[in-house]
Amino acid sequence: MTAPAQTRATEAHSATPESRGRSPHLPSARGDLSRAVIAALRDGIPAPEPRVARNADAYGDDLQLALYVLYELHYQGFAEVADDREWDPALLSLRHALERRFLDALHTDVPPSDDAEGALAALLVEPVGHDDASVSHHLRRDGELWQFREYAALRSLYHLKEADPHAWVIPRLHGRAKAAMVAIEYDEFGAGRAEDIHARLFADLMADLGLDTSYGHYVDAAPAEVLATVNLMSLFGLHRAHRGALVGHFAWVEVTSSPGSRRLAAALRGVGAGPAAQRFYDEHVEADAVHEQVVRRDVVGGLLAAEPGLEADVAFGVRATGFLEDRLGARLLRRWRQGRSALLVPLSDAPDARTE
(Lines give C-alpha, C1' and ligand atoms only; values in the text may rest on other atoms or scores of the structure.)
Protein backbone atom coordinates (compact mmCIF):
# COMPACT_ATOMS: atom_id res chain seq x y z
CA MET A 1 0.00 0.00 0.00
CA THR A 2 1.08 3.56 -0.61
CA ALA A 3 1.31 6.49 1.74
CA PRO A 4 -1.93 8.19 2.79
CA ALA A 5 -3.87 10.14 0.23
CA GLN A 6 -2.83 13.46 1.71
CA THR A 7 0.70 12.96 0.38
CA ARG A 8 -0.18 12.13 -3.22
CA ALA A 9 0.69 14.15 -6.28
CA THR A 10 -2.32 15.91 -7.71
CA GLU A 11 -3.73 16.91 -11.06
CA ALA A 12 -6.80 18.33 -9.36
CA HIS A 13 -8.93 20.99 -10.93
CA SER A 14 -11.50 22.65 -8.70
CA ALA A 15 -14.79 22.50 -10.56
CA THR A 16 -18.09 23.73 -9.17
CA PRO A 17 -21.13 21.46 -9.60
CA GLU A 18 -22.37 23.81 -12.31
CA SER A 19 -19.08 23.87 -14.22
CA ARG A 20 -18.84 20.07 -14.24
CA GLY A 21 -21.59 19.98 -16.84
CA ARG A 22 -19.95 22.38 -19.28
CA SER A 23 -19.07 21.02 -22.68
CA PRO A 24 -15.55 19.58 -22.93
CA HIS A 25 -13.15 20.19 -25.80
CA LEU A 26 -12.72 17.74 -28.65
CA PRO A 27 -10.12 15.05 -27.91
CA SER A 28 -6.98 14.26 -29.89
CA ALA A 29 -7.39 11.87 -32.84
CA ARG A 30 -5.99 8.34 -32.78
CA GLY A 31 -6.07 7.47 -36.47
CA ASP A 32 -7.49 8.45 -39.84
CA LEU A 33 -11.09 7.66 -38.91
CA SER A 34 -11.25 9.62 -35.65
CA ARG A 35 -9.20 12.41 -37.24
CA ALA A 36 -11.78 12.78 -40.03
CA VAL A 37 -14.68 12.78 -37.55
CA ILE A 38 -13.06 15.39 -35.32
CA ALA A 39 -12.18 17.56 -38.33
CA ALA A 40 -15.75 17.36 -39.61
CA LEU A 41 -17.06 18.54 -36.26
CA ARG A 42 -14.42 21.20 -35.62
CA ASP A 43 -14.14 22.65 -39.12
CA GLY A 44 -17.61 22.02 -40.50
CA ILE A 45 -16.31 19.93 -43.40
CA PRO A 46 -18.31 16.94 -44.72
CA ALA A 47 -18.34 13.81 -42.59
CA PRO A 48 -16.42 10.77 -43.86
CA GLU A 49 -18.32 8.28 -46.01
CA PRO A 50 -19.71 5.29 -44.06
CA ARG A 51 -17.53 2.90 -46.06
CA VAL A 52 -14.45 4.09 -44.14
CA ALA A 53 -15.66 1.96 -41.21
CA ARG A 54 -15.58 -1.24 -43.26
CA ASN A 55 -12.05 -2.34 -42.37
CA ALA A 56 -11.60 -0.57 -39.04
CA ASP A 57 -10.67 -2.59 -35.96
CA ALA A 58 -13.99 -2.92 -34.11
CA TYR A 59 -12.31 -2.75 -30.71
CA GLY A 60 -9.46 -0.44 -31.70
CA ASP A 61 -8.68 3.06 -30.50
CA ASP A 62 -9.54 4.74 -33.81
CA LEU A 63 -13.06 3.36 -34.21
CA GLN A 64 -13.92 3.50 -30.52
CA LEU A 65 -12.82 7.14 -30.22
CA ALA A 66 -14.75 8.11 -33.36
CA LEU A 67 -17.86 6.44 -31.96
CA TYR A 68 -17.36 8.00 -28.53
CA VAL A 69 -17.09 11.48 -30.05
CA LEU A 70 -20.26 10.99 -32.10
CA TYR A 71 -22.16 9.73 -29.06
CA GLU A 72 -21.04 12.66 -26.93
CA LEU A 73 -23.05 14.94 -29.22
CA HIS A 74 -26.11 13.47 -27.44
CA TYR A 75 -24.74 14.20 -23.96
CA GLN A 76 -22.80 17.41 -23.17
CA GLY A 77 -21.49 17.99 -26.69
CA PHE A 78 -18.20 19.78 -27.33
CA ALA A 79 -17.23 23.42 -26.91
CA GLU A 80 -16.16 23.68 -30.57
CA VAL A 81 -19.26 22.00 -32.05
CA ALA A 82 -22.66 23.57 -32.75
CA ASP A 83 -25.52 21.88 -30.93
CA ASP A 84 -27.45 21.15 -34.13
CA ARG A 85 -24.72 18.77 -35.34
CA GLU A 86 -26.29 16.20 -33.00
CA TRP A 87 -28.74 15.19 -35.75
CA ASP A 88 -26.53 15.82 -38.79
CA PRO A 89 -27.67 13.13 -41.31
CA ALA A 90 -24.15 12.47 -42.62
CA LEU A 91 -22.78 12.00 -39.11
CA LEU A 92 -25.67 9.69 -38.23
CA SER A 93 -25.01 7.63 -41.34
CA LEU A 94 -21.36 7.26 -40.40
CA ARG A 95 -22.29 6.44 -36.81
CA HIS A 96 -24.59 3.68 -38.04
CA ALA A 97 -21.72 2.10 -39.98
CA LEU A 98 -19.44 2.25 -36.93
CA GLU A 99 -22.16 0.74 -34.76
CA ARG A 100 -22.67 -2.12 -37.21
CA ARG A 101 -18.95 -2.87 -37.16
CA PHE A 102 -18.92 -2.86 -33.34
CA LEU A 103 -22.09 -4.95 -33.01
CA ASP A 104 -21.00 -7.50 -35.59
CA ALA A 105 -17.79 -8.07 -33.63
CA LEU A 106 -19.71 -8.45 -30.37
CA HIS A 107 -22.17 -10.92 -31.87
CA THR A 108 -19.19 -12.93 -33.12
CA ASP A 109 -17.41 -12.92 -29.75
CA VAL A 110 -20.38 -13.26 -27.39
CA PRO A 111 -22.12 -16.65 -27.60
CA PRO A 112 -25.89 -16.31 -28.22
CA SER A 113 -28.32 -17.18 -25.44
CA ASP A 114 -32.07 -16.92 -24.88
CA ASP A 115 -31.80 -17.35 -21.11
CA ALA A 116 -31.74 -13.92 -19.49
CA GLU A 117 -32.25 -15.21 -15.96
CA GLY A 118 -29.44 -17.71 -16.42
CA ALA A 119 -27.11 -14.96 -17.64
CA LEU A 120 -27.89 -12.92 -14.53
CA ALA A 121 -27.69 -15.87 -12.16
CA ALA A 122 -24.19 -16.61 -13.44
CA LEU A 123 -23.06 -13.21 -12.17
CA LEU A 124 -23.85 -14.22 -8.59
CA VAL A 125 -21.33 -17.09 -8.60
CA GLU A 126 -17.64 -16.26 -8.79
CA PRO A 127 -15.62 -19.02 -10.47
CA VAL A 128 -12.58 -20.49 -8.70
CA GLY A 129 -9.63 -18.20 -9.34
CA HIS A 130 -11.87 -15.31 -10.40
CA ASP A 131 -10.29 -12.99 -7.85
CA ASP A 132 -7.02 -13.12 -9.81
CA ALA A 133 -8.85 -11.63 -12.81
CA SER A 134 -10.95 -9.14 -10.86
CA VAL A 135 -9.97 -5.48 -10.61
CA SER A 136 -11.90 -4.94 -7.37
CA HIS A 137 -10.27 -8.00 -5.76
CA HIS A 138 -6.84 -6.77 -6.87
CA LEU A 139 -7.42 -3.27 -5.52
CA ARG A 140 -8.75 -4.67 -2.24
CA ARG A 141 -5.80 -7.00 -1.78
CA ASP A 142 -2.83 -5.34 -3.48
CA GLY A 143 -4.02 -1.96 -4.74
CA GLU A 144 -1.82 1.10 -4.54
CA LEU A 145 -3.09 4.64 -4.49
CA TRP A 146 -1.85 5.45 -7.99
CA GLN A 147 -3.87 2.50 -9.30
CA PHE A 148 -7.04 3.77 -7.60
CA ARG A 149 -6.45 7.16 -9.15
CA GLU A 150 -6.10 5.60 -12.59
CA TYR A 151 -9.23 3.52 -12.07
CA ALA A 152 -11.24 6.59 -11.05
CA ALA A 153 -9.91 8.65 -13.96
CA LEU A 154 -10.93 5.97 -16.46
CA ARG A 155 -14.31 5.27 -14.90
CA SER A 156 -15.08 9.00 -14.89
CA LEU A 157 -16.00 8.79 -18.59
CA TYR A 158 -19.15 7.00 -17.45
CA HIS A 159 -19.61 7.92 -13.81
CA LEU A 160 -19.70 11.68 -14.48
CA LYS A 161 -22.84 10.95 -16.50
CA GLU A 162 -23.93 7.98 -14.41
CA ALA A 163 -27.44 6.72 -15.21
CA ASP A 164 -27.88 9.05 -18.21
CA PRO A 165 -27.58 6.34 -20.90
CA HIS A 166 -30.01 4.08 -19.06
CA ALA A 167 -32.60 6.85 -18.79
CA TRP A 168 -33.20 6.59 -22.54
CA VAL A 169 -34.98 3.29 -22.04
CA ILE A 170 -37.71 4.75 -19.81
CA PRO A 171 -40.10 5.90 -22.59
CA ARG A 172 -39.66 2.49 -24.25
CA LEU A 173 -40.88 0.50 -21.26
CA HIS A 174 -44.38 -0.11 -19.94
CA GLY A 175 -46.12 -0.82 -16.64
CA ARG A 176 -44.11 -2.69 -14.01
CA ALA A 177 -40.81 -2.41 -15.87
CA LYS A 178 -41.17 1.36 -16.34
CA ALA A 179 -42.21 2.02 -12.74
CA ALA A 180 -39.28 0.00 -11.37
CA MET A 181 -36.79 1.57 -13.76
CA VAL A 182 -37.89 5.08 -12.79
CA ALA A 183 -37.64 4.21 -9.09
CA ILE A 184 -34.03 3.06 -9.49
CA GLU A 185 -33.10 6.02 -11.67
CA TYR A 186 -34.64 8.35 -9.08
CA ASP A 187 -32.08 7.04 -6.59
CA GLU A 188 -29.26 7.36 -9.13
CA PHE A 189 -30.17 11.00 -9.68
CA GLY A 190 -30.06 11.82 -5.98
CA ALA A 191 -33.71 11.28 -4.99
CA GLY A 192 -34.39 14.97 -5.53
CA ARG A 193 -31.17 16.21 -3.88
CA ALA A 194 -28.56 17.64 -6.22
CA GLU A 195 -25.73 16.94 -3.79
CA ASP A 196 -26.62 13.22 -3.83
CA ILE A 197 -26.67 12.72 -7.61
CA HIS A 198 -24.32 9.80 -8.16
CA ALA A 199 -22.38 11.69 -10.81
CA ARG A 200 -21.80 14.42 -8.22
CA LEU A 201 -20.69 11.85 -5.65
CA PHE A 202 -18.18 10.47 -8.13
CA ALA A 203 -16.83 13.95 -8.83
CA ASP A 204 -16.37 14.34 -5.07
CA LEU A 205 -14.53 11.00 -5.03
CA MET A 206 -12.24 12.27 -7.79
CA ALA A 207 -11.54 15.46 -5.87
CA ASP A 208 -10.59 13.42 -2.80
CA LEU A 209 -8.13 11.52 -4.99
CA GLY A 210 -6.63 14.69 -6.40
CA LEU A 211 -8.09 14.26 -9.89
CA ASP A 212 -9.54 16.77 -12.32
CA THR A 213 -13.33 16.59 -12.01
CA SER A 214 -14.14 18.22 -15.36
CA TYR A 215 -16.54 16.22 -17.53
CA GLY A 216 -14.65 14.22 -20.15
CA HIS A 217 -11.25 15.42 -18.96
CA TYR A 218 -9.58 12.00 -19.16
CA VAL A 219 -10.76 10.88 -22.58
CA ASP A 220 -7.29 11.34 -24.10
CA ALA A 221 -5.89 9.05 -21.39
CA ALA A 222 -8.52 6.35 -21.84
CA PRO A 223 -7.58 3.29 -23.92
CA ALA A 224 -10.03 1.69 -26.35
CA GLU A 225 -11.11 -0.89 -23.75
CA VAL A 226 -12.56 1.91 -21.61
CA LEU A 227 -14.21 3.71 -24.52
CA ALA A 228 -15.88 0.47 -25.62
CA THR A 229 -17.59 -0.01 -22.23
CA VAL A 230 -19.04 3.51 -22.39
CA ASN A 231 -19.95 3.25 -26.08
CA LEU A 232 -21.88 0.03 -25.52
CA MET A 233 -24.45 1.64 -23.24
CA SER A 234 -24.76 4.67 -25.52
CA LEU A 235 -25.34 2.39 -28.50
CA PHE A 236 -28.03 0.42 -26.68
CA GLY A 237 -29.62 3.54 -25.20
CA LEU A 238 -29.96 5.50 -28.43
CA HIS A 239 -31.85 2.75 -30.28
CA ARG A 240 -35.32 1.56 -29.37
CA ALA A 241 -34.46 -1.69 -31.17
CA HIS A 242 -31.85 -2.37 -28.46
CA ARG A 243 -34.10 -1.66 -25.45
CA GLY A 244 -33.82 -5.28 -24.32
CA ALA A 245 -30.02 -5.16 -24.53
CA LEU A 246 -29.95 -1.90 -22.54
CA VAL A 247 -32.06 -3.50 -19.81
CA GLY A 248 -29.57 -6.39 -19.82
CA HIS A 249 -26.68 -3.96 -19.51
CA PHE A 250 -28.42 -2.15 -16.67
CA ALA A 251 -29.09 -5.45 -14.91
CA TRP A 252 -25.41 -6.44 -15.20
CA VAL A 253 -24.38 -3.15 -13.60
CA GLU A 254 -26.82 -3.47 -10.70
CA VAL A 255 -26.17 -7.16 -10.01
CA THR A 256 -22.37 -6.78 -9.92
CA SER A 257 -22.22 -3.38 -8.25
CA SER A 258 -22.79 -4.15 -4.58
CA PRO A 259 -20.05 -6.76 -3.94
CA GLY A 260 -17.53 -4.87 -6.08
CA SER A 261 -18.35 -1.60 -4.33
CA ARG A 262 -17.88 -3.23 -0.93
CA ARG A 263 -14.37 -4.31 -1.87
CA LEU A 264 -13.50 -0.90 -3.36
CA ALA A 265 -14.80 0.98 -0.31
CA ALA A 266 -12.68 -1.18 1.99
CA ALA A 267 -9.66 -0.78 -0.27
CA LEU A 268 -9.98 3.00 -0.33
CA ARG A 269 -9.96 3.04 3.46
CA GLY A 270 -6.79 0.99 3.35
CA VAL A 271 -4.92 3.54 1.24
CA GLY A 272 -6.12 6.50 3.27
CA ALA A 273 -8.47 8.05 0.71
CA GLY A 274 -10.75 10.78 1.97
CA PRO A 275 -14.37 10.38 3.13
CA ALA A 276 -15.89 11.47 -0.19
CA ALA A 277 -13.97 8.76 -2.04
CA GLN A 278 -15.23 6.16 0.40
CA ARG A 279 -18.79 7.50 0.37
CA PHE A 280 -19.34 6.84 -3.33
CA TYR A 281 -18.78 3.12 -2.98
CA ASP A 282 -20.42 2.89 0.44
CA GLU A 283 -23.55 4.39 -1.14
CA HIS A 284 -23.52 1.76 -3.88
CA VAL A 285 -23.10 -1.17 -1.48
CA GLU A 286 -26.46 -0.49 0.16
CA ALA A 287 -28.40 1.01 -2.73
CA ASP A 288 -27.42 -1.53 -5.35
CA ALA A 289 -28.10 -4.51 -3.10
CA VAL A 290 -31.72 -3.32 -3.17
CA HIS A 291 -31.60 -2.35 -6.84
CA GLU A 292 -30.39 -5.83 -7.81
CA GLN A 293 -33.60 -7.41 -6.56
CA VAL A 294 -35.81 -4.76 -8.15
CA VAL A 295 -34.07 -4.90 -11.52
CA ARG A 296 -34.24 -8.70 -11.75
CA ARG A 297 -37.80 -9.04 -10.53
CA ASP A 298 -39.48 -5.94 -11.92
CA VAL A 299 -37.37 -4.34 -14.66
CA VAL A 300 -36.22 -7.52 -16.42
CA GLY A 301 -39.23 -9.54 -15.25
CA GLY A 302 -41.68 -6.82 -16.20
CA LEU A 303 -40.11 -6.27 -19.61
CA LEU A 304 -40.13 -9.97 -20.49
CA ALA A 305 -43.69 -10.41 -19.23
CA ALA A 306 -44.76 -7.66 -21.64
CA GLU A 307 -42.35 -8.53 -24.48
CA PRO A 308 -41.12 -12.13 -24.14
CA GLY A 309 -39.52 -11.95 -27.57
CA LEU A 310 -36.79 -9.70 -26.12
CA GLU A 311 -35.24 -12.35 -23.88
CA ALA A 312 -32.32 -13.06 -26.20
CA ASP A 313 -31.65 -9.31 -26.42
CA VAL A 314 -31.60 -9.00 -22.62
CA ALA A 315 -29.21 -11.95 -22.37
CA PHE A 316 -27.00 -10.41 -25.05
CA GLY A 317 -26.89 -7.12 -23.13
CA VAL A 318 -25.77 -8.95 -19.98
CA ARG A 319 -23.13 -11.06 -21.73
CA ALA A 320 -21.76 -8.33 -24.02
CA THR A 321 -21.30 -6.06 -21.00
CA GLY A 322 -19.40 -8.77 -19.17
CA PHE A 323 -17.26 -9.46 -22.23
CA LEU A 324 -16.14 -5.83 -22.57
CA GLU A 325 -15.62 -5.42 -18.82
CA ASP A 326 -13.42 -8.51 -18.80
CA ARG A 327 -11.32 -7.04 -21.63
CA LEU A 328 -10.90 -3.82 -19.67
CA GLY A 329 -10.04 -5.66 -16.47
CA ALA A 330 -7.42 -7.74 -18.28
CA ARG A 331 -5.71 -4.60 -19.57
CA LEU A 332 -5.69 -2.88 -16.18
CA LEU A 333 -4.32 -5.90 -14.33
CA ARG A 334 -1.71 -6.70 -16.97
CA ARG A 335 -0.30 -3.19 -16.92
CA TRP A 336 -0.46 -2.76 -13.15
CA ARG A 337 1.25 -6.08 -12.49
CA GLN A 338 4.03 -4.91 -14.79
CA GLY A 339 4.35 -1.77 -12.69
CA ARG A 340 3.10 0.32 -15.62
CA SER A 341 0.29 2.81 -16.07
CA ALA A 342 -2.88 1.55 -17.77
CA LEU A 343 -3.56 5.07 -19.08
CA LEU A 344 -2.42 6.34 -22.45
CA VAL A 345 -1.26 9.48 -20.63
CA PRO A 346 -0.05 8.45 -17.14
CA LEU A 347 -0.87 10.51 -14.08
CA SER A 348 2.05 12.14 -12.30
CA ASP A 349 2.38 9.45 -9.62
CA ALA A 350 2.36 6.41 -11.93
CA PRO A 351 5.67 4.46 -11.82
CA ASP A 352 6.30 5.05 -15.50
CA ALA A 353 5.16 8.67 -15.62
CA ARG A 354 7.49 10.90 -17.60
CA THR A 355 9.70 13.14 -15.54
CA GLU A 356 11.14 16.40 -16.74
Side-chain angles (χ1 to χ4, degrees), residues 27-31 33-34 37 53 56-72 75 98-99 101-111 123 130-139 143 146-162 165 202 206 211 216-237 245 248-249 252-253 256-257 260 264 316-347 350-353:
S28 300
R30 302 186 191 177
L33 179 57
S34 55
V37 168
D57 179 357
Y59 303 127
D61 279 288
D62 198 22
L63 182 144
Q64 290 297 329
L65 180 62
L67 199 51
Y68 177 89
V69 167
L70 291 171
Y71 283 145
E72 280 301 311
Y75 293 105
L98 300 176
E99 289 173 335
R101 184 82 175 129
F102 188 25
L103 278 174
D104 286 349
L106 287 170
H107 280 294
T108 297
D109 293 328
V110 177
L123 301 178
H130 172 75
D131 57 340
D132 288 335
S134 164
V135 171
S136 64
H137 276 98
H138 167 82
L139 291 173
W146 68 271
Q147 295 170 350
F148 279 98
R149 298 181 73 235
E150 291 203 344
Y151 186 72
L154 295 175
R155 287 299 193 186
S156 71
L157 297 188
Y158 166 62
H159 280 306
L160 291 182
K161 58 170 175 272
E162 183 170 342
F202 195 80
M206 294 178 72
L211 295 168
H217 177 79
Y218 291 103
V219 64
D220 281 330
E225 291 89 346
V226 175
L227 300 180
T229 65
V230 182
N231 286 339
L232 184 71
M233 65 186 89
S234 297
L235 191 162
F236 290 161
H249 182 286
W252 187 96
V253 171
T256 61
S257 176
L264 291 170
F316 175 69
V318 174
R319 293 160 72 91
T321 304
F323 172 76
L324 292 179
E325 289 289 339
D326 286 346
R327 291 181 77 253
L328 171 58
R331 177 193 170 88
L332 295 179
L333 293 176
R334 182 176 65 254
R335 301 282 294 191
W336 290 345
R337 286 167 178 161
Q338 295 170 347
R340 301 167 64 194
S341 173
L343 276 61
L344 301 183
V345 182
L347 301 178
D352 53 343

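- Of the possible polar contacts, none joining the Y218 side chain to the V345 backbone as a donor-acceptor pair under 3.5 Å is found.
- In this structure a side-chain-to-backbone donor-acceptor pair under 3.5 Å is missing from R335 to R340.
- Taking every heavy atom of both residues into account, R331 and L344 meet most closely at NH2-CD2, 3.9 Å.
- Taking the side chain as every heavy atom from C-beta outward, E72 and K161 approach each other to under 4.5 Å.
- Y151 OH to L264 CG: the interatomic distance, rounded to the nearest 0.5 Å, is 5.5 Å.
- For the pair G329 and V135, the tightest heavy-atom approach, listed with the atom from each and the gap, is CA-CG2, 3.6 Å.
- Atoms CD and CH2, on E325 and W252 in that order, are 4.0 Å from each other to the nearest 0.5 Å.
- Between A66 and L98, the shortest heavy-atom contact is CB-CD1, 4.0 Å.
- Formation of a donor-acceptor pair under 3.5 Å by the N231 side chain with backbone atoms of Q64 is found in this model.
- The nearest pair of heavy atoms linking W336 to A342 is NE1-CB, 3.9 Å.
- You'll find the side chain of H138 stays beyond 4.5 Å of the side chain of L332, heavy atoms only.
- A distance-only check finds a donor-acceptor pair linking the side chain of D220 to the backbone of S28 [under 3.5 Å].
- Using a 4.5 Å heavy-atom threshold, the side chains of L154 and P223 count as touching.
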Q: Determine, stepwise, if the pair L232 / F323 fulfils side chain to side chain contact (heavy atoms under 4.5 Å, CB included).
A: CA-CA 11 Å; L232 184 71; F323 172 76; over 6 Å; no

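- With contacts defined as side-chain heavy-atom distances shorter than 4.5 Å, the pair L347/L211 qualifies.
- With hydrogens and angles ignored, the 3.5 Å screen pairs no side-chain donor or acceptor of S156 with any backbone N or O of H159.
- Nearest heavy atoms, L235 versus F102: CD1-CD2, 3.8 Å.
- R101 contributes a side-chain N or O that, together with a main-chain N or O of A56, makes up a donor-acceptor pair within less than 3.5 Å.
- Checked by atom type, the side-chain pair S234/Y68 shows no donor-acceptor distance below 3.5 Å.
- A heavy-atom distance below 4.5 Å is not found between the side chains of V226 and Y158.
- A 4.5 Å side-chain heavy-atom check between V219 and L227 finds at least one atom pair inside the cut-off.
- The closest side-chain heavy-atom distance from T321 to T229 is not below 4.5 Å.
- We find the NE2-CE distance between H249 and M233 to be 4.0 Å, quoted to the nearest 0.5 Å.
- Aromatic ring pairs are classed by plane angle as parallel below 30°, tilted from 30° to 60° and perpendicular above 60°; the pair F236 and F316 is perpendicular.
- With values rounded to the nearest 0.5 angstrom, H137 atom NE2 is found 11.5 Å from L333 atom CG.
- Partner of R30 under the salt bridge (charged side-chain N to carboxylate O under 4.0 Å, His left out) criterion, out of D62, D61, D57: D61 alone.
- Judged by distance alone, the side chains of D352 and S341 never bring a donor and an acceptor atom under 3.5 Å apart.
- One finds the CD atom of E162 at 8.5 Å from the CZ atom of F202 (value rounded to the nearest 0.5 Å).
- Checked against ring pair (Phe, Tyr, Trp, His ring centres under 6.0 Å), Y71 has no partners two or more places apart in sequence or in another chain.
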(Q) salt bridge (Lys or Arg N to Asp or Glu O under 4.0 Å), that's the test. Do E150 and R155 meet it? Break it down for me. (A) CA-CA 9 Å; E150 291 203 344; R155 287 299 193 186; over 6 Å; no

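- Taking CG of L123 as the start and OG1 of T256 as the end, the distance is 6.5 Å to the nearest 0.5 Å.
- For the residue pair A353 and P346, the shortest heavy atom distance occurs at CA-CB, 4.1 Å.
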